Colleague: 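Mind looking over this structure? Questions follow.
Everything numeric here is computed off the predicted structure, so don't read it as measured data.
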Amino acid sequence: MPQGSPLLRSTEDIDLYPPPDSSKTALWAAKDVDLGVHSSFFAEHGFYVQRVGDWTLLTQPSGWRDRALRFAIDDITAIVLHPLDLAYNKLEAGRDKDLDFMSEGLASGAYQLGEVEAFILKHAPDDATCELILKNLGAVATL
(Lines give C-alpha, C1' and ligand atoms only; values in the text may rest on other atoms or scores of the structure.)
Protein backbone atom coordinates (compact mmCIF):
# COMPACT_ATOMS: atom_id res chain seq x y z
CA MET A 1 0.00 0.00 0.00
CA PRO A 2 1.48 3.40 -0.92
CA GLN A 3 2.71 5.56 1.94
CA GLY A 4 -0.06 7.79 3.24
CA SER A 5 -2.85 5.52 1.95
CA PRO A 6 -5.61 4.67 4.42
CA LEU A 7 -5.36 1.24 5.97
CA LEU A 8 -8.54 -0.68 6.72
CA ARG A 9 -8.38 -2.93 9.75
CA SER A 10 -11.96 -4.10 10.29
CA THR A 11 -11.66 -7.23 8.21
CA GLU A 12 -10.28 -10.43 9.61
CA ASP A 13 -10.55 -12.55 6.49
CA ILE A 14 -9.01 -12.59 3.06
CA ASP A 15 -11.17 -14.35 0.49
CA LEU A 16 -9.32 -16.75 -1.78
CA TYR A 17 -11.06 -17.88 -4.93
CA PRO A 18 -9.10 -20.77 -6.40
CA PRO A 19 -10.16 -21.66 -9.94
CA PRO A 20 -12.83 -24.37 -9.65
CA ASP A 21 -11.23 -26.44 -12.40
CA SER A 22 -7.75 -26.19 -10.90
CA SER A 23 -5.61 -29.28 -10.65
CA LYS A 24 -4.56 -27.91 -7.26
CA THR A 25 -8.02 -27.86 -5.62
CA ALA A 26 -7.06 -30.56 -3.12
CA LEU A 27 -3.90 -28.64 -2.19
CA TRP A 28 -5.90 -25.44 -1.54
CA ALA A 29 -8.43 -27.36 0.57
CA ALA A 30 -5.66 -28.94 2.65
CA LYS A 31 -4.43 -25.45 3.60
CA ASP A 32 -7.76 -24.53 5.24
CA VAL A 33 -6.53 -25.99 8.53
CA ASP A 34 -3.25 -24.06 8.34
CA LEU A 35 -4.68 -20.69 7.26
CA GLY A 36 -8.36 -20.74 8.29
CA VAL A 37 -10.32 -19.13 11.10
CA HIS A 38 -9.23 -21.66 13.73
CA SER A 39 -5.56 -21.71 12.71
CA SER A 40 -2.43 -20.64 14.50
CA PHE A 41 -1.83 -18.40 11.46
CA PHE A 42 -4.93 -16.37 12.43
CA ALA A 43 -3.83 -16.20 16.06
CA GLU A 44 -0.38 -14.98 15.03
CA HIS A 45 -1.28 -12.58 12.19
CA GLY A 46 -4.80 -11.39 13.04
CA PHE A 47 -6.39 -12.48 9.75
CA TYR A 48 -7.28 -15.76 8.09
CA VAL A 49 -7.74 -17.03 4.56
CA GLN A 50 -11.18 -18.25 3.56
CA ARG A 51 -11.70 -20.15 0.33
CA VAL A 52 -14.78 -19.02 -1.58
CA GLY A 53 -16.52 -20.30 -4.67
CA ASP A 54 -18.31 -19.04 -7.77
CA TRP A 55 -21.25 -17.78 -5.72
CA THR A 56 -19.09 -14.91 -4.42
CA LEU A 57 -18.89 -13.28 -7.84
CA LEU A 58 -22.29 -14.19 -9.30
CA THR A 59 -23.68 -10.69 -8.86
CA GLN A 60 -20.45 -8.76 -9.35
CA PRO A 61 -20.92 -5.88 -11.82
CA SER A 62 -19.94 -6.59 -15.40
CA GLY A 63 -16.43 -5.52 -16.26
CA TRP A 64 -15.02 -6.45 -12.85
CA ARG A 65 -12.31 -8.59 -14.44
CA ASP A 66 -11.13 -5.62 -16.51
CA ARG A 67 -10.98 -3.38 -13.42
CA ALA A 68 -9.19 -5.98 -11.27
CA LEU A 69 -5.51 -5.86 -10.42
CA ARG A 70 -3.49 -8.86 -11.52
CA PHE A 71 -0.12 -9.98 -10.27
CA ALA A 72 1.86 -13.20 -10.41
CA ILE A 73 4.05 -14.95 -7.89
CA ASP A 74 5.84 -17.89 -9.43
CA ASP A 75 3.13 -19.88 -11.23
CA ILE A 76 0.19 -18.38 -9.32
CA THR A 77 -1.70 -15.41 -10.74
CA ALA A 78 -3.74 -13.42 -8.24
CA ILE A 79 -6.71 -11.31 -9.27
CA VAL A 80 -7.69 -8.62 -6.75
CA LEU A 81 -11.03 -6.87 -7.00
CA HIS A 82 -10.92 -3.15 -7.73
CA PRO A 83 -11.77 -1.29 -4.51
CA LEU A 84 -15.10 -0.06 -5.93
CA ASP A 85 -16.06 -3.61 -6.93
CA LEU A 86 -15.19 -4.70 -3.39
CA ALA A 87 -17.34 -1.89 -1.97
CA TYR A 88 -20.25 -2.95 -4.21
CA ASN A 89 -19.81 -6.56 -3.09
CA LYS A 90 -19.69 -5.63 0.61
CA LEU A 91 -22.71 -3.33 0.40
CA GLU A 92 -24.75 -5.86 -1.55
CA ALA A 93 -23.96 -8.63 0.96
CA GLY A 94 -24.92 -6.29 3.79
CA ARG A 95 -23.63 -8.49 6.61
CA ASP A 96 -22.54 -6.70 9.79
CA LYS A 97 -18.85 -7.39 9.07
CA ASP A 98 -19.21 -6.04 5.53
CA LEU A 99 -20.99 -2.89 6.67
CA ASP A 100 -18.36 -2.38 9.40
CA PHE A 101 -15.68 -2.61 6.71
CA MET A 102 -17.43 -0.01 4.57
CA SER A 103 -18.05 2.28 7.52
CA GLU A 104 -14.36 2.20 8.34
CA GLY A 105 -13.49 2.64 4.66
CA LEU A 106 -15.54 5.82 4.44
CA ALA A 107 -14.36 7.16 7.79
CA SER A 108 -10.70 6.56 6.94
CA GLY A 109 -10.94 8.11 3.50
CA ALA A 110 -10.16 4.85 1.69
CA TYR A 111 -13.55 5.32 0.01
CA GLN A 112 -15.28 8.50 -1.08
CA LEU A 113 -19.07 8.45 -0.64
CA GLY A 114 -19.82 10.11 -3.98
CA GLU A 115 -17.52 7.78 -5.88
CA VAL A 116 -19.08 4.67 -4.34
CA GLU A 117 -22.60 5.98 -4.96
CA ALA A 118 -21.81 6.77 -8.62
CA PHE A 119 -20.37 3.27 -9.09
CA ILE A 120 -23.51 1.67 -7.65
CA LEU A 121 -25.80 3.80 -9.81
CA LYS A 122 -23.81 2.87 -12.91
CA HIS A 123 -23.45 -0.86 -12.24
CA ALA A 124 -26.50 -2.09 -10.30
CA PRO A 125 -28.40 -4.45 -12.62
CA ASP A 126 -31.89 -3.32 -11.58
CA ASP A 127 -33.75 -0.81 -9.42
CA ALA A 128 -34.33 -3.21 -6.50
CA THR A 129 -30.64 -4.10 -6.23
CA CYS A 130 -29.65 -0.47 -6.58
CA GLU A 131 -32.07 0.55 -3.83
CA LEU A 132 -30.79 -2.17 -1.46
CA ILE A 133 -27.13 -1.27 -1.99
CA LEU A 134 -27.76 2.47 -1.70
CA LYS A 135 -29.74 1.87 1.51
CA ASN A 136 -26.76 0.00 2.98
CA LEU A 137 -24.41 2.73 1.82
CA GLY A 138 -26.62 5.35 3.47
CA ALA A 139 -26.61 3.39 6.71
CA VAL A 140 -22.82 3.15 6.89
CA ALA A 141 -22.31 6.75 5.76
CA THR A 142 -24.18 8.01 8.82
CA LEU A 143 -22.20 5.97 11.37
Colleague: Closest approach of L84 and F119, non-hydrogen atoms and distance?
Modeller: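 Answer, listing the atom of L84 first, then F119: O-CE2, 3.5 Å.
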Colleague: Could you tell me whether D100 and K97 make a salt bridge, using a distance below 4.0 angstrom between a side-chain N and a carboxylate O?
Modeller: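 Salt bridge: no.
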Colleague: For the CD atom of E92 and the CG atom of N136, what is their distance to the nearest 0.5 Å?
Modeller: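 Rounded to the nearest 0.5 Å, the CD-CG separation comes to 9.5 Å.
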Colleague: Considering only heavy atoms from C-beta outward, does the side chain of L91 approach that of D98 to under 4.5 Å?
Modeller: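 Not in contact.
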Colleague: Between V37 and Q50, is any pair of side-chain heavy atoms under 4.5 Å apart?
Modeller: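 They are not in contact (no side-chain heavy atoms under 4.5 Å apart), so the answer is no.
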Colleague: Is there a side-chain contact between Y88 and L81 (heavy atoms, below 4.5 Å)?
Modeller: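 Side chain of Y88 against side chain of L81, heavy atoms only: no contact under 4.5 Å found.
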Colleague: When you compare the side chain of L137 with that of I133, does any pair of heavy atoms fall below 4.5 Å?
Modeller: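 Answer no - side chains too far apart.
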Colleague: Measure the shortest side-chain to side-chain distance between I120 and C130 over non-hydrogen atoms and say whether it is less than 4.5 angstrom.
Modeller: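 Answer yes - side chains close enough.
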Colleague: Got a donor-acceptor contact below 3.5 angstrom from the R51 side chain to the G36 backbone?
Modeller: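 Looks like no, no N/O pair under 3.5 Å.
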Colleague: In Å and rounded to the nearest 0.5 Å, what is the CD to CD distance from E117 to E115?
Modeller: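 It comes to 12.0 Å.
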Colleague: Should we count CG of D126 as having more than 12 external heavy atoms under 6.0 Å?
Modeller: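 Yes, the 6.0 Å shell around CG holds more than 12 heavy atoms from other groups.
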Colleague: Suppose we screen for salt bridge (charged side-chain N to carboxylate O under 4.0 Å, His left out). Which residues come up paired with D85, at least two apart in sequence or across chains?
Modeller: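 Counting only residues at least two positions away or on another chain, D85 forms a salt bridge (charged side-chain N to carboxylate O under 4.0 Å, His left out) with R67.
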Colleague: Does one hydrophobic cluster hold both M102 and L121, with members joined at side-chain heavy-atom distances below 4.5 Å?
Modeller: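 Yes, one cluster joins them.
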Colleague: Identify the heavy atoms of L113 and A141 that sit nearest to each other, and give their distance.
Modeller: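 The answer is CD1-CB, 3.8 Å.
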Colleague: Is there side-chain contact between L86 and F101, with at least one heavy-atom pair below 4.5 Å?
Modeller: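 With C-beta onward as the side chain, the pair touches.
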Colleague: If two hydrophobic side chains count as joined below 4.5 Å and joins carry through other members, does L58 share a cluster with L132?
Modeller: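 No, separate clusters.
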Colleague: Are any non-hydrogen side-chain atoms of E131 and L134 less than 4.5 angstrom apart?
Modeller: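 They are not in side-chain contact.
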Colleague: How close do Y111 and P83 get, counting heavy atoms only, and between which atoms?
Modeller: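 Heavy atoms of Y111 and P83 come nearest at OH-O, 2.7 Å.
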Colleague: Could you label the plane-to-plane angle of the F42 and Y48 rings as parallel, tilted or perpendicular, counting under 30° as parallel and over 60° as perpendicular?
Modeller: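 Correct class here is perpendicular.
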Colleague: Give the minimum heavy-atom separation between P61 and H123, together with the two atoms involved.
Modeller: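 What the structure gives for the nearest pair is CB-CB, 3.5 Å.
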Colleague: Taking the side chain as C-beta and beyond, is there a heavy-atom pair between L35 and I14 under 4.5 Å?
Modeller: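 In short, these two side chains do not touch, never coming nearer than 4.5 Å.
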